[in-house]
There are 2 protein chains.
Amino acid sequence: MLLKNAGKNGNHQYKYQQIYKGIKEQILEGDLQTNEKLPSKRKLASQLRVSVNSVTNAYEQLLAEGYIYSIERKGYYVEQITKFTDKDLTSRKLPDDLKEQTSDKEGWLSFSHMTSDISKFPFDTWIKSKQKAISNHKTELSEIANSQGPYLVRKTISRLIKLNRGVICEPEQIVIGSGTQLLIQQLMNTLQSTSDIDTVIAIENPGYSRFYNLLKKMNLDVKPIQLNKDGIDIKKVESSGAKFVIVTPSHQFPTGKIMPISRRIELLNWTSQSTNRYIIEDDYDSEFKYKTDNIPSLQSLDRSNRVIYTGTFSKTLLPSFRISYMVLPSDLLKVYKKQNADLIHSSNTLSLYTLHYFIEDGEYGKHLKKMNNHYEVKRKVLIEKLRNRFGTRIHIEDVPAGLHFFATFQTKKSYSEIEERAEMNKLEVYTLKRFLLTNERDNENEKSLVIGFASIEVEKMEEAVERLYQIISN
Amino acid sequence: MLLKNAGKNGNHQYKYQQIYKGIKEQILEGDLQTNEKLPSKRKLASQLRVSVNSVTNAYEQLLAEGYIYSIERKGYYVEQITKFTDKDLTSRKLPDDLKEQTSDKEGWLSFSHMTSDISKFPFDTWIKSKQKAISNHKTELSEIANSQGPYLVRKTISRLIKLNRGVICEPEQIVIGSGTQLLIQQLMNTLQSTSDIDTVIAIENPGYSRFYNLLKKMNLDVKPIQLNKDGIDIKKVESSGAKFVIVTPSHQFPTGKIMPISRRIELLNWTSQSTNRYIIEDDYDSEFKYKTDNIPSLQSLDRSNRVIYTGTFSKTLLPSFRISYMVLPSDLLKVYKKQNADLIHSSNTLSLYTLHYFIEDGEYGKHLKKMNNHYEVKRKVLIEKLRNRFGTRIHIEDVPAGLHFFATFQTKKSYSEIEERAEMNKLEVYTLKRFLLTNERDNENEKSLVIGFASIEVEKMEEAVERLYQIISN
């Protein structure tokens with residue numbers, strides 16, 4: 001008998017599945033033999049007291065999955081089924097060390113430099129731009145986009161960065177992607193796989209450690225280069241043998257310094273001294289300058305097409321949107337296009353068209369202006385509160401730019417002590433240690449922190465500063 | 001005289017910028033010498049008949065950018081500025097061969113397999129889910145997400161694929177990303193950089209050529225493996241020395257075949273015969289089955305944790321959303337997590353939370369059901385029309401699944417002839433040639449096409465079929 005209890009109750013869907021499962025198991029267990037004939041649909045239906053339809057569906061499903069075969073006008077037969085070599089199922093239970101702890105952020109305050117202030121984000125306007133994007137770009141949304149992102153959006157970005165950052169480029173040179181890191185990784189991957197471009201890469205130290213780690217994991221030869229007073233040390237870049245150098249001239253990460261014009265020119269001159277030298281300008285938060293105008297990008301000064309400019313909307317909009325872009329000089333663009341013809345664009349096209357209307361309708365400019373004012377106040381209040389609490393025991397690099405500043409505290413505590421105590425006091429802080437790419441001896445009497453002020457509410461600053469004081473000074 | 005015409009007219013912003021630009025140029029040109037003292041703010045203001053404020057702003061900007069320095073109570077002096085070694089600007093004009101042609105799609109019809117039918121997409125409901133996401137996840141949206149994607153969303157996906165595809169996994173094993181390609185690339189990159197896992201990779205031929213090209217560009221050792229009646233040839237996989245094999249068992253791309261249970265078990269047995277062998281199951285359009293139920297995933301049969309399952313929302317929602325995921329067996333998860341600790345998640349978090357509510361509120365299920373019915377009709381109509389027009393000169397692999405089918409036409413025309421004529425007749429078609437990963441001699445008497453039916457409107461099918469007939473048969 002094929003099936004014991006099918007058809008007793010339940011609806012058609014249920015009955016058919018029971019029949020299907022029952023036969024499937026018997027085939028896998030070997031209870032039904034290869035080439036054994038199954039009862040006719042009519043016969044099985046009457047045996048099980050179900051409709052012929054239920055049996056037909058079950059047989060069709062078994063046929064589709066290859067458990068049985070049919071011979072026209074003769075009936076259904078069991079296929080020859082391979083046996084599993086692994087008799088038993090290996091446990092599918094996830095080992096404990098791979099279980100994720102859901103972190104409880106209740107009561108925490110944060111000086112993270114990686115957030116933005118969502119309380120001011122104009123979601124309503126954003127949704128309006130999105131609706132515009134939906135009604136105007138139906139065809140584009142049903143397809144895969146150009147691998148560099150939709151041309152229209154690249155055109156809008158090229159205009160925007162010309163205006164705000166002095167970047168000189170055509171839409172063709174822009175590659176949109178879901179993060180600066182990802183874009184640079186993609187570029188480096190591309191260059192690595194074409195043998196004729198050397199990819200030794202210099203990076204600021206202290207610097208963006210996350211990026212440093214990623215590049216190292218790609219097996220790239222990455223050289224951390226000490227900063228001096230005016231930024232990355234050109235002589236050391238020179239002697240490192242690097243062909244690429246990643247810099248943050250508008251607001252050095254993490255120290256916050258602005259690279260002066262002379263160092264910029266020196267850096268550009270460095271590219272002229274040998275072929276295939278490039279600067280990657282990571283312009284991650286240049287839109288925020290509080291006492292001066294925007295400072296023109298390095299790319300705007302470039303005379304020999306040697307700057308790869310990268311920008312992002314993570315700071316000006318939201319980091320969770322994942323919209324960044326890079327601007328490639330034409331020689332690299334050529335290589336990139338050739339190697340990445342098959343690459344599928346990674347950003348959500350709907351978000352990109354939304355961004356397009358958001359910019360075009362002036363909402364982006366409005367938002368940026370509002371946030372500049374908002375962050376300027378936040379920054380000022382926080383610095384004041386820190387100075388009030390720490391007095392002479394704090395030194396702040398007071399560069400009025402970006403969404404974080406660099407502060408040095410007089411303390412005998414070690415970095416790991418500070419990090420542990422921050423954890424205990426529920427304060428998210430990032431110490432300089434995290435951004436040092438080489439092992440150096442810590443200064444015994446002072447420690448530096450990167451203090452982000454974007455997400456912390458003004459009303460909570462007092463409390464956060466107090467916690468910091470307890471962590472560092474007590 | 002520092003500046004000739006500043007201050008004559010215009011507002012403060014304009015005046016300050018003219019002063020700033022004038023001085024900057026004179027410094028760069030060497031008209032102002034290193035250490036030369038600038039006039040006092042008051043003096044320059046009266047000279048130019050502008051407010052002191054305008055001069056102050058200009059000096060502040062020059063100071064911030066490093067063109068001048070100040071000595072307290074003495075005044076402002078010109079910095080020593082490095083000279084550009086490149087005297088002239090290299091042309092920044094984009095070479096003509098890098099210019100993009102904006103393609104005019106007016107009047108075109110498409111049998112593309114890469115689109116989805118946007119006319120049925122419930123944007124209103126999607127926006128509602130988005131609004132829910134915005135109000136419930138403010139904190140998460142202001143931050144960078146977990147590198148595998150938000151836990152909540154992974155949990156929802158794990159439940160969904162358990163239900164629909166029989167996939168057995170924990171949310172911890174899911175990595176969300178903006179495309180299956182990207183995810184597999186990331187995984188392979190990870191494994192490449194850890195020396196102990198061999199990454200020779202077998203791929204179905206004919207198969208997903210775009211992916212094949214990408215993997216080759218990564219310098220991976222990729223082996224195209226001929227299909228036979230039941231799918232990828234296991235003996236050839238065995239002899240290729242591959243450690244990974246990418247398959248599309250639910251609906252082979254491009255031939256459309258469903259891999260029968262025996263071949264599935266053989267494939268799983270292949271992994272048991274040696275350590276570190278893995279199957280990548282690309283389940284790209286398995287949600288669409290028209291005459292049978294869903295066919296359980298290969299992963300659901302896996303007894304030894306050797307299947308990497310990948311899925312996407314490109315077919316069920318929209319390809320432009322770029323939401324895909326992979327499910328890693330625990331040993332690979334361990335390596336992946338370790339190597340990618342610094343990776344920033346690539347998907348738009350807002351879209352992911354939107355997806356979460358869209359699924360949780362039952363909208364996804366509803367949409368899927370609607371689209372299954374809709375596509376079933378479209379598929380049927382198109383097949384009918386093709387059979388009517390081509391008669392005995394067409395053979396269609398009639399597997400009622402997915403968003404495309406495989407059709408073979410009797411014709412003496414070559415593939416390139418067909419492609420050229422399609423271009424002329426404004427019909428987007430994809431020939432088998434495109435998906436053949438090795439050079440074989442074409443069959444002289446027949447040619448195969450992959451025919452997608454998702455985006456073409458039913459009313460346009462008659463016309464599209466007629467164009468196809470003109471292309472192939474005339």
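Aromatic ring pairs are classed by plane angle as parallel below 30°, tilted from 30° to 60° and perpendicular above 60°; the pair A:F321 and A:F121 is perpendicular. Using cut-offs of 30° and 60° for the angle between ring planes, the A:H137 and A:Y353 rings count as parallel.
Taking chain A as the reference chain and counting heavy-atom pairs below 4.5 Å, the highest number among B:V399, B:L98, B:T139 is found for B:L98. Per-residue heavy-atom pair counts under 4.5 Å with chain A were compared for B:K93, B:E60, B:K130, and the maximum is reached by B:K130. Between chain A and the options B:P296, B:S209, B:P171, heavy-atom pairs under 4.5 Å are most frequent for B:P296.
The ring-ring contact (aromatic ring centres under 6.0 Å, His included) check on B:Y69 picks up B:Y77, with sequence neighbours excluded. Residues satisfying the salt bridge (charged side-chain N to carboxylate O under 4.0 Å, His left out) criterion with B:K99, sequence neighbours excluded, are B:D96.
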Go through B:Y20 and B:E65 one step at a time and tell me if the side-chain hydrogen bond (donor to acceptor under 3.5 Å, both in side chains) criterion holds.
CA-CA 11 Å; B:Y20 154 75; B:E65 296 186 22; 2.8 Å; yes
Would you please test B:R306 and B:D331 for salt bridge (charged side-chain N to carboxylate O under 4.0 Å, His left out) and show each step?
CA-CA 9 Å; B:R306 286 284 167 261; B:D331 56 344; 3.1 Å; yes
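Neither the backbone nor the side chain of B:A145 comes within contact range of chain A; no heavy atom of the residue lies under 4.5 Å from a heavy atom of that chain. For a residue to count as touching a neighbouring chain, one of its non-hydrogen atoms must lie under 4.5 Å from one of that chain's; by this rule A:D117 does not touch chain B. Only the side chain of A:Q131 comes within less than 4.5 Å of a heavy atom of chain B; its backbone N, CA, C and O stay farther away. Heavy-atom distances place the side chain of A:L268, and not its backbone, under 4.5 Å from chain B. Contact annotation for A:K338: only backbone heavy atoms (N, CA, C, O) come within less than 4.5 Å of a heavy atom of chain B. Looking at A:K337, the atoms closer than 4.5 Å to chain B (heavy atoms on both sides) all sit in the side chain, from C-beta outward. Only the side chain of A:N219 comes within contact range of chain B, with at least one heavy atom under 4.5 Å from a heavy atom of that chain. Proximity to chain B (any heavy atom under 4.5 Å) is shown, for A:S330, by both the backbone and the side chain. Looking at A:Y336, there are no atoms closer than 4.5 Å to chain B (heavy atoms on both sides), in backbone or side chain. Using a 4.5 Å cut-off between heavy atoms, A:E170 contacts chain B through its side chain alone, with no backbone atom that close. Residue contact with chain A, scored on non-hydrogen atoms closer than 4.5 Å, involves the backbone and the side chain of B:D293 alike. Both the backbone and the side chain of A:L301 come within less than 4.5 Å of a heavy atom of chain B. Of the two parts of A:E143, the backbone and the side chain both hold a non-hydrogen atom closer than 4.5 Å to a non-hydrogen atom of chain B. Looking at A:D97, only its side chain comes within 4.5 Å of chain B, counting heavy atoms on both sides. Contact of A:L63 with chain B is not made at all, since no heavy-atom distance falls under 4.5 Å. Both the backbone and the side chain of A:Y67 come within contact range of chain B, with heavy atoms under 4.5 Å apart.
Using a distance-only test at 3.5 Å, with no hydrogens or angles considered, no donor-acceptor pair links the side chain of A:S347 to the main chain of A:T349. Between the B:N340 side chain and the B:L343 main chain, no donor and acceptor come within less than 3.5 Å of each other. A donor-acceptor pair is defined here as one N or O able to donate and one able to accept, closer than 3.5 Å; such a pair exists between the side chain of B:Q299 and the backbone of B:I168. Of the possible polar contacts, one joining the A:S262 side chain to the B:Q80 backbone as a donor-acceptor pair under 3.5 Å is found.
Just one residue in the list B:I234, B:I261, B:I265, B:L267 forms a side-chain contact (heavy atoms from CB on, under 4.5 Å) with A:T82, and that residue is B:I265.
Using a 4.5 Å heavy-atom threshold, the side chains of B:Q148 and B:H345 count as separate.
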